Amino acid sequence: MKRLRLDDIRLQPVKNKLQPVKKTAGRMRSDITRTRMLQAAKTGLAVAIAWTIAPYLPGVADNYPYYAPLGAIVAMYPTLMGSMRNAAQTLGSLAVAIVLAGAVIIFSSPSVLTMSLAVGAGALVAATGWFGANREYIPVTVLFVLIIGGPDADDYSLGYLEQATLGIVVGLLVNLLIFPALTHNAVDQQLSNFRAVLSDHLSEIAEALAESWPPERDGWASGKDSLLAVSGEVREAVLLADESRKANPRARRYRRDVKADYEDLAALENVTFHVRDITDVLTGAVWGTPIKVQLRPELRPALSASLAALATALRDWDSVEEREEAHALAADALAALTAELDARKADANATTMGASAAISMDLARILAALNARLEHAEHEQQKQQAEQAESETAAEVVEPGEPS
């Protein structure tokens with residue numbers, strides 16, 4: 001039965017192939033919209049609270065209440081760790097700027113020359129990168145203190161720093177107490193989308209091999225560059241998910257194996273490398289670029305079947321029921337391709353067999369990368385089943401109470 005299905009593997013129409021990607025993209029847009037709306041609402045709340053509290057600060061700070069809302073906005077990053085890092089960098093940049101402006105006031109007086117020197121020094125400190133995206137605050141704040149503060153530069157500096165600190169504290173508390181973001185779901189969706197994109201690309205190549213040669217369509221040749229863009233988006237999503245769990249109290253309840261996400265990403269990046277290499281080899285066979293190679297026509301059916309089976313294995317990865325069978329079929333297809341290469345190597349030279357052998361090696365490495373992740377998925381599934389069975393057993397064990 002398995003052999004019959006392997007021989008009958010055919011690619012679905014392009015419209016059907018793109019359905020998983022479209023569904024995943026729709027879910028991602030919905031999640032992103034909800035996340036952004038929540039973040040916007042939290043930012044507005046933090047600004048309102050900071051503006052309400054700002055006039056009640058003692059001393060000269062109540063003269064500069066408008067800096068509290070600015071501090072609240074600075075602290076409203078999508079992740080708690082990002083908020084804390086940005087807050088620390090902002091306060092650090094303000095402190096450096098105030099010190100530079102204070103040096104001008106103490107050792108000289110504000111003038112075109114002294115202000116230019118202070119701003120230049122601030123720009124040099126900003127260029128070190130120590131203060132991240134907030135480095136631009138340093139030269140700007142130097143100007144604010146010297147120009148807006150004027151003769152009251154000391155009061156202005158103190159009020160500025162106090163109000164900004166108040167706003168930052170308010171922003172951090174709002175971000176901490178109101179649904180601090182966890183972006184785990186986005187990682188699942190991005191990884192699923194990545195597999196679907198790789199599957200579609202392999203399907204297009206398999207389709208091209210099955211058609212008349214040379215193929216009329218060339219979308220598969222130009223599509224390899226988009227794989228790198230997708231890979232970069234997935235890596236950003238994994239990094240963001242890793243950061244979102246740090247210092248996040250919700251991460252204790254919603255635990256996730258981020259290490260497995262990095263390993264899944266590494267496996268798919270490895271797959272991407274070999275898919276791009278397969279594309280380059282076939283491009284050389286069709287158009288002679290980047291390297292002219294020969295592809296024996298009698299090997300195209302076996303290559304097409306192996307590519308189609310591997311595309312199916314990637315497409316069915318998220319289905320626990322179909323994943324193992326699809327993976328086994330891909331292994332069978334690769335074995336059939338290898339056997340045919342071995343059978344024909346006696347009556348062919350290395351030049352005519354080189355392209356097919358290179359593609360076969362790439363397919364083997366793709367399958368090896370997926371093998372490791374499949375074993376991990378099976379282990380995690382068994383672990384979850386054991387934990388579920390243990391919890392159900394514990395729930396069934398009820399100690400009878402003694403009648404009173």
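These numbers come from a predicted model, not from an experiment.
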Got a donor-acceptor contact below 3.5 angstrom from the [X] side chain to the [Y] backbone?
X	Y	result
T183	A186	no
S306	L337	no
T114	S109	yes
T52	A48	yes
Q39	Y77	yes
S231	L227	no
S157	A153	yes
D264	R373	no
K224	V275	no

Close side-chain approach of [X] and [Y], heavy atoms under 4.5 Å:
X	Y	result
Y160	Y66	no
L363	H274	no
Y262	D242	yes
P180	N175	no
V140	Y137	no
L370	L310	yes
R135	T128	no
R235	L268	no

Which heavy-atom pair separates [X] from [Y] by the least distance, and what is that distance?
X	Y	value
V281	A358	CG2-CB, 4.4 Å
L166	A54	CD2-CA, 3.8 Å
A72	M76	O-CG, 3.1 Å
W317	L374	CH2-N, 3.5 Å
A221	T283	CB-OG1, 4.0 Å
S244	L182	O-CD2, 3.6 Å

More than 12 non-hydrogen atoms from neighbouring residues, nucleotides or ligands closer than 6.0 Å to [atom1] on [X], yes or no?
X	atom1	answer
F179	CZ	no
L38	CG	yes
F273	CZ	no
W287	CH2	yes

Close aromatic pair by centroid cut-off 6.0 Å: Y156 and Y64: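 Between Y64 and Y156, which both carry aromatic rings, the centre distance is below 6.0 Å.
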Working to the nearest 0.5 Å, report the span between [atom1] of [X] and [atom2] of [Y].
X	Y	atom1	atom2	result
D362	I278	CG	CD1	4.5 Å
L303	E340	CG	CD	8.0 Å
Y67	I168	OH	CD1	13.5 Å
L265	L239	CG	CG	8.0 Å
S199	H201	OG	NE2	11.5 Å
M353	L295	CE	CG	10.0 Å

Option passing side chain to side chain contact (heavy atoms under 4.5 Å, CB included) with I359 (candidates L282, L209, L341):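 Running side chain to side chain contact (heavy atoms under 4.5 Å, CB included) over L282, L209, L341 with I359 returns exactly one hit, L282.
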Cationic N near anionic O, under 4.0 Å, [X] to [Y]:
X	Y	value
R323	D316	no
R315	D200	no
R85	E243	yes

Which pairs of donor and acceptor atoms, one on a side chain in residues 88-101, lie under 3.5 Å apart (sequence neighbours left out)?
from, atom 1, to, atom 2, distance (Å)
T90, OG1, N86, O, 2.8
T90, OG1, N134, OD1, 3.2
T90, OG1, N134, ND2, 3.4
S93, OG, Q89, O, 3.3
S93, OG, T90, O, 2.7

Steps toward side-chain contact (heavy atoms from CB on, under 4.5 Å) verdict (T312, L329): CA-CA 9 Å; T312 302; L329 289 170; over 6 Å; no
Donor-acceptor side-chain pairing of D188 and H184 below 3.5 angstrom: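 Checked: D188/H184 side chains show no N/O donor-acceptor pair below 3.5 Å.
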Side chains of H327 and N371, donor plus acceptor under 3.5 Å: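 Per modelled atom types, H327 and N371 side chains form a pair under 3.5 Å.
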Intermediate values then yes/no, side-chain contact (heavy atoms from CB on, under 4.5 Å), L45 and I178: CA-CA 10 Å; L45 177 61; I178 303 179; 3.5 Å; yes
Full working for side-chain contact (heavy atoms from CB on, under 4.5 Å) between T79 and R245: CA-CA 8 Å; T79 64; R245 69 186 180 87; over 6 Å; no
Check against side-chain contact (heavy atoms from CB on, under 4.5 Å), Q190 and V238: CA-CA 9 Å; Q190 288 275 21; V238 174; over 6 Å; no
